[in-house]
Amino acid sequence: MKKDMETKYNPKVVEDRLYADWVEKGYFHAEADENKEPYTIMIPPPNITGRLHMGHALNATLQDVLIRFKKLQGYNALWMPGTDHAAIATEVKIVEKMAEEGLTKASLGRDAFMKRAWQWYDDVGGVITKQFRKLGVACDWQRQRFTMDKGCSDAVLEVFVKLHEKGLIYRGERLVNWCTQCKTSISDAEVEHEDKQSGFWHFKYPIKDSDEYVVFATTRPETMLGDVAIAVNPSDERYAHLVGKTAIMPILGRELKIVADEYVKADFGTGMVKVTPAHDFNDFEIGVRHDLERINIMNDDGSINEAGGDNYAGLDRYEARKKIIAQMDDMGYFVRKEEITNAVGGHDRCGSVVEPLNKLQWFVKMEELARPALDAYKNGDLNIVPPRFGKVYSHWLEGIKDWCISRQLWWGHRIPAYHCEGCEHIEVAKIAPDKCPKCGGAVYQDEDSLDTWFSSALWPFSTLGWPEKTPELAHFYPTSVLVTAYEILFFWVIRMAFAGIEFMGELPFKDVLLHGVMRDDQGRKMSKSLGNGIDPLGIIEEYGADALRFSLATGNSPGNDLRFYIEKVESSRNFLNKIWNASRFIMMNLDNETAEATFGCLPSELTAADKWIISKANTLAKEVAENLDKYELGLAADKAYSFMWDEFCDWYIEMAKPRLYNADDETRLAALWTLQHILSTGLRLLHPFIPFITEEIYTSFGFGESILLADYPKYQDELNFPIEEGQMEQIKEAVRALRNMRSQMNVPPSRKAQTFVVSTNVDVRAVFEAGAKYIKSLAGANEVIVLSEKVGIDDNAVSVVVPSAEIFMPLAELVDMEKERERLQKEIKKLQGEVDRVNAKLNNQGFIAKAPANLVEEEKAKAAKYQEMLQVVQKQLEGLK
RNA sequence: GGGAGCUUAGCUCAGCUGGGAGAGCAUCCGCCUUACAAGCGGAGGGUCACUGGUUCAAGUCCAGUAGUUCCCACCA
């Protein structure tokens, strides 16, 4: 059992070995078992194109803390891992790679492209999950899934067909957000609006058979090629006479209806709006109301098509813009240019400006699906942490528009719709029909694929086997908590919520824990484009996964962004080393015999110090578990940290030393027992945060086969020792006071002195008799004499006061009486401050009358205590004079 | 145009249901005390952005102001 331990903890030699061991022993694997209570987390599946970044590290750490915590608590804990096919992101990468070889999608063809894409998946799709393992995540890798694997794809088909049957999926011509670079439609959630400085060009169009003009302004002059009308507000008297007349778009000579529509604001701009139904969402609506033609003037790549006329066809949209301005100017129809800032939509993947284009696309009707997801939140069935994001959730659902789910991509789930070549019929089915069920004509599958979030929305149940009724699905669904960044709320959380309700009949998770995004040390969001990301793998290489994890889990609260500081990792590393060395110390003092002897149950000869630390650990266990259950991971970690370092290492271990070093001490075994008990408790409490080092130490001591098989510490009444806690606090206070005094008086640590404790209280004297050894070892006393009155003590001894006792340390030759007076005066000032503050409270009639009785009593006790201490110090000062 | 967050020690941040302001890092002083110098002991440092309100009591609850960050939004 006894092992030699290095003076410094070296994660490198530990982490990979332990992780392989955990996986091999199947500790992360969970089977459906109706006799156990499940605890389930579905990982937010990382993109297969991705590389591990700090955001993953944060996200994974939080989930791992929760999973390990619940596992130790005895739950049947399942953390389901997997990856996302990331339709656009992946396809873009593959296309880029192909371009290097001079290939294009068109030249390769769909089948060959897909073959290539799957090859790429086989080659690199597993990289990200390998990287996750370095973090120590307790994922059930046997159950790893991929959004495009057979099961998940079946679920996608099932959902598509079912929603279609219910009439919730439809195909229609609508304006969609179109990325001219990726040449696909994208959803509203994928558009990022950014305020940009933009030209605001004013033009006039002549009115037919009149010498009047309509004057309007636009930020996108190229869309004038698609103008079909001019609109004014119906109540705008200035233009009432124009309604019904016809304006002329001079470049194309097209006739434009002048219509009245409420959408137009009379007091903005000129009060006249050009209407381009095929290229603007509002104009589209106006067009519907007034039955206007939709003239599409743009190709998929953003260039102008033949509808724009011979002079413009083929020109890029921005070239066309310049040319139109110039031509309108030449023709005398340009009025002026202003500058305004307006929100320009860009594609969140490639950044290029999104064009609203009129396209035939597939949509999910959202209203009916959104309502129950909204109700679930309003009923309180969905607990969002922190709660403020609940408003964001409900606001988004309330204003939700139909979801454009078709993408003009090949990498993804191809839409299970089959078009008849003969009639107009479209057959939606899981299995491709041989021929058209209507007319018997040949059919071909729809070319489009689905938005990547369509499959992610099903993740909580598709990964458990749905639509099959598997035991896993019955046992592990709904999941316990979803942990993700608040950025993903719209994309994913909301869609999982309504998909879960629709297909499983209940929400896919009870709690949603939202965390912030990672920022660099200057507060900038870590991003690829800024190049300010810090590689978690590099940090792990240098400091270990535990240090990284601990630094991510502490000092942070849900929903708040987190700055990455290497100093914080270092301080976490130092903490690990502290635990390591404390363990090493205990190990050094154990031999085979004592280890065996101290292994049993609670020994009867526990001292006050033992009971004090046992009691503290007992309370800690309760608090840490409570914090974790409330997702206060940072608080939980902080508490465990300060207990292990400040209480256990700095006080208890130091107190145990004299007992350990004295072979004759009859409480020696009790100390060894307590050291191990506390160490074991602390390791188990900390294990969710720092799994590797805790496992390494736990097994080195032979506490068990694996800490993963251990029980989480539980609060036990019989381990609660309030009296001993009070006694030890008194000893600690005396030690602190003496140390403080010695430091202020510049007494070298090597200078030991006789120490007298004087108290009229017999119980207090007993406490100090028992605690004498601690005052000796911790406060530089070579002898401690406990007295009931001050006799036989050098008048020039320096003194400190603690509640109910006075302590003297004769340091004659070292003491500067002037300094001592100053010190005592300072002490008096401090105590006087306390007395004043407490008295102010007690003199407040409102406080006495309305504050809780126990609080008033406490304050009274404090008043008495400080008053007494103050008098004692004052007497000491007088004694010096 | 809506909505939300943040403002606490030099820096980065905690502070749960209101009851004597905390941590880490940094700074200063003293220590190679046989687990650990990635350490030990001690110290300094904050009118908790501002104003008002509720309360016996406010960093904490409410209202407003300022600065700052973010999200949503079709003002051409």
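Just so we're clear, the structure is a prediction, and the values are computed from it rather than from any experiment.
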Check: When the distance from CH2 of A/W201 to C1' of B/A76 is rounded to whole Å, what number comes out?
Finding: 13 Å

Checklist line | Rounded distance (Å) that lies between atom C1' of B/A76 and atom CD of A/E338 | finding: 12 Å

Next item on the list: Looking at every strand, decide which applies to A/K401 at a 4.0 Å heavy-atom threshold: base, sugar-phosphate, or nothing.
Entry: sugar-phosphate

Check: Can you check side chain to side chain donor-acceptor pair (under 3.5 Å) on A/N574 and A/E570, steps first, answer last?
Finding: CA-CA 6 Å; A/N574 294 352; A/E570 282 170 359; over 6 Å; no

Item checked: Sugar-phosphate or base contact per nucleotide [nucleotides 9-17 of chain B; S, B, -; heavy atom under 4.0 Å] -> --SSSSSB-

Notebook entry, point to check: Across the strands shown, which category fits A/F490 at heavy-atom distances under 4.0 angstrom: base, sugar-phosphate, nothing?
Noted result: sugar-phosphate

Notebook entry, point to check: Taking the inter-plane angle between the rings of A/W580 and A/Y9 on a 0 to 90° scale, is it parallel (under 30°), tilted (30 to 60°) or perpendicular (over 60°)?
Noted result: tilted

Margin query: Over all strands shown, is A/V273 touching base, sugar-phosphate only, or nothing at heavy-atom distances under 4.0 angstrom?
Written below: base

Checklist line | A/R736, nearest nucleotide to its side chain (from B/G42, B/A76, B/A4) | finding: B/G42

Notebook entry, point to check: Of all heavy-atom pairs between A/M366 and A/D402, which one has the smallest distance, and what is that distance?
Noted result: N-OD1, 3.0 Å

Notebook entry, point to check: Taking only residues two or more places apart in sequence or in another chain, which ones pass salt bridge (charged side-chain N to carboxylate O under 4.0 Å, His left out) with A/K12?
Noted result: A/E541

Margin query: Return a single string for nucleotides 27-33 of chain B, one symbol per nucleotide in 5' to 3' order, where B is base contact, S is sugar-phosphate-only contact and - is none, cutoff 4.0 angstrom on heavy atoms.
Written below: -------

Checklist line | Between A/Y205 and A/D227: side-chain donor-acceptor atoms closer than 3.5 Å | finding: yes

Next item on the list: Could you measure between the two P atoms, the one in B/G59 and the one in B/G18, and give it in whole Å?
Entry: 13 Å

Notebook entry, point to check: Which part of the nucleic acid, if any, lies within contact of A/F284, taking any heavy atom under 4.0 Å across all strands shown: a base, the sugar-phosphate backbone alone, or nothing?
Noted result: nothing

Margin query: I'd like the P distance from B/G53 over to B/U60, given in whole Å.
Written below: 14 Å

Margin query: Could you tell me how far apart A/N577 (CG) and B/C36 (P) are, to the nearest whole angstrom?
Written below: 10 Å

Next item on the list: Would you kindly check if the NZ (Lys) or CZ (Arg) of A/K391 is within the cone defined by 45 degrees around the ring axis of A/Y377 and under 6.0 Å from the six-membered ring centre?
Entry: no

Note to self: From the set B/G24, B/A4, B/A73, return the single nucleotide nearest to any side-chain atom of A/Y641.
What the structure shows: B/G24

Next item on the list: Ignoring backbone atoms, test whether A/K578 places a side-chain nitrogen or oxygen under 4.0 Å from the OP1 or OP2 oxygen of B/C40.
Entry: yes

Margin query: I'd like to know if A/R563 and A/D520 make a salt bridge, using a cut-off of under 4.0 Å between side-chain N and carboxylate O.
Written below: no

Checklist line | Aromatic plane relationship, A/F203 with A/F216 - under 30° parallel, 30 to 60° tilted, over 60° perpendicular | finding: tilted

Checklist line | Most 5' of A/H395 and A/S583 on RNA chain B, judged by nearest nucleotide | finding: A/S583

Next item on the list: Round to a whole Å and report the spacing from CZ of A/F585 to P of B/G39.
Entry: 18 Å

Next item on the list: Would you indicate what A/A582 reaches in the nucleic acid, counting non-hydrogen atoms under 4.0 angstrom: base, sugar-phosphate, or nothing?
Entry: base

Margin query: Nearest whole Å is fine: how far is B/C72 P from A/I488 CD1?
Written below: 12 Å

Item checked: Secondary structure string for RNA chain B (Watson-Crick or G-U under 3.5 angstrom, | for other-strand pairs) -> (((((((..((((.....[..)))).(((((.......))))).....(((((..]....))))))))))))....

Checklist line | Sugar-phosphate only, base, or nothing, as touched by A/P852 at under 4.0 Å among non-hydrogen atoms | finding: base

Item checked: Quiz item: cation-pi between A/K732 and A/W651, 6.0 Å / 45° -> yes

Item checked: With A/C649 via side-chain contact (heavy atoms from CB on, under 4.5 Å) - residues at least two apart -> A/K578, A/A582, A/I653

Next item on the list: Could you measure between the two C1' atoms, the one in B/G24 and the one in B/A14, and give it in whole Å?
Entry: 10 Å

Next item on the list: Would you indicate what A/R573 reaches in the nucleic acid, counting non-hydrogen atoms under 4.0 angstrom: base, sugar-phosphate, or nothing?
Entry: base

Notebook entry, point to check: Do A/K860 and A/E858 meet the salt-bridge criterion of a basic N to acidic O distance under 4.0 Å?
Noted result: no

Notebook entry, point to check: When the C1' atoms of B/U33 and B/U27 are considered, how many whole Å apart are they?
Noted result: 25 Å

Check: Cation-pi between A/R220 and A/W201: NZ/CZ under 6.0 Å from ring centre and within 45° of the ring axis?
Finding: no

Margin query: Taking the P atom in each of B/A21 and B/C13, what is the distance between them to the nearest angstrom?
Written below: 24 Å

Next item on the list: Looking at every strand, decide which applies to A/W580 at a 4.0 Å heavy-atom threshold: base, sugar-phosphate, or nothing.
Entry: nothing

Margin query: Distance alone, cut at 3.5 Å: any donor-acceptor contact between the side chains of A/N233 and A/K265?
Written below: no

Check: Say you pick atom P in B/A37 and the same atom in B/C25; how far apart are they, in whole Å?
Finding: 16 Å

Margin query: In whole Å, measure the gap between the P atoms of B/A49 and B/A43 for me.
Written below: 27 Å

Notebook entry, point to check: Near RNA chain B, which residues from residues 645-657 of chain A have a heavy atom under 4.0 Å away?
Noted result: A/W645, A/C649, A/D650, A/I653, A/E654, A/K657

Check: Quick one: A/N581 CG to B/C40 P, roughly how many Å, whole number?
Finding: 10 Å

Margin query: Using ring centroids (six-membered ring only for Trp), state whether A/H202 and A/F200 fall under 6.0 Å.
Written below: yes

Next item on the list: For A/Y866, answer base if it contacts any base atom (sugar-phosphate contacts may also be present), sugar-phosphate if it contacts only those atoms, and nothing otherwise; contact means non-hydrogen atoms under 4.0 Å.
Entry: base

Note to self: Angle between ring planes, A/Y652 versus A/F648, binned at 30° and 60°: parallel, tilted or perpendicular?
What the structure shows: parallel

Next item on the list: Return the value, rounded to whole Å, for the distance between atom CG of A/N282 and atom P of B/A76.
Entry: 9 Å

Note to self: Base, sugar-phosphate or nothing for A/Y263? Non-hydrogen atoms, less than 4.0 Å.
What the structure shows: base

Notebook entry, point to check: If we take the C1' atom in both B/U54 and B/C11, what is their distance in whole Å?
Noted result: 36 Å

Next item on the list: Output yes when at least one side-chain N/O atom of A/N740 is less than 4.0 Å from OP1 or OP2 of B/A43, else no.
Entry: yes

Check: Hey, is the side chain of A/K274 pairing donor to acceptor with the base of B/A76 inside 3.5 Å?
Finding: no

Next item on the list: Report the residue (A/G846 or A/K826) whose heavy-atom-nearest nucleotide on RNA chain B is the more 5′ of the two.
Entry: A/K826

Next item on the list: Write down the distance between CD1 (A/I494) and P (B/C72), rounded to a whole number of angstrom.
Entry: 11 Å

Check: Taking all atoms of both residues into account, what is the closest heavy-atom pair of A/A637 and A/T554, and its distance?
Finding: CB-CG2, 3.4 Å

Check: So, are A/D561 and A/K525 salt-bridged, with charged N and O less than 4.0 Å apart?
Finding: no

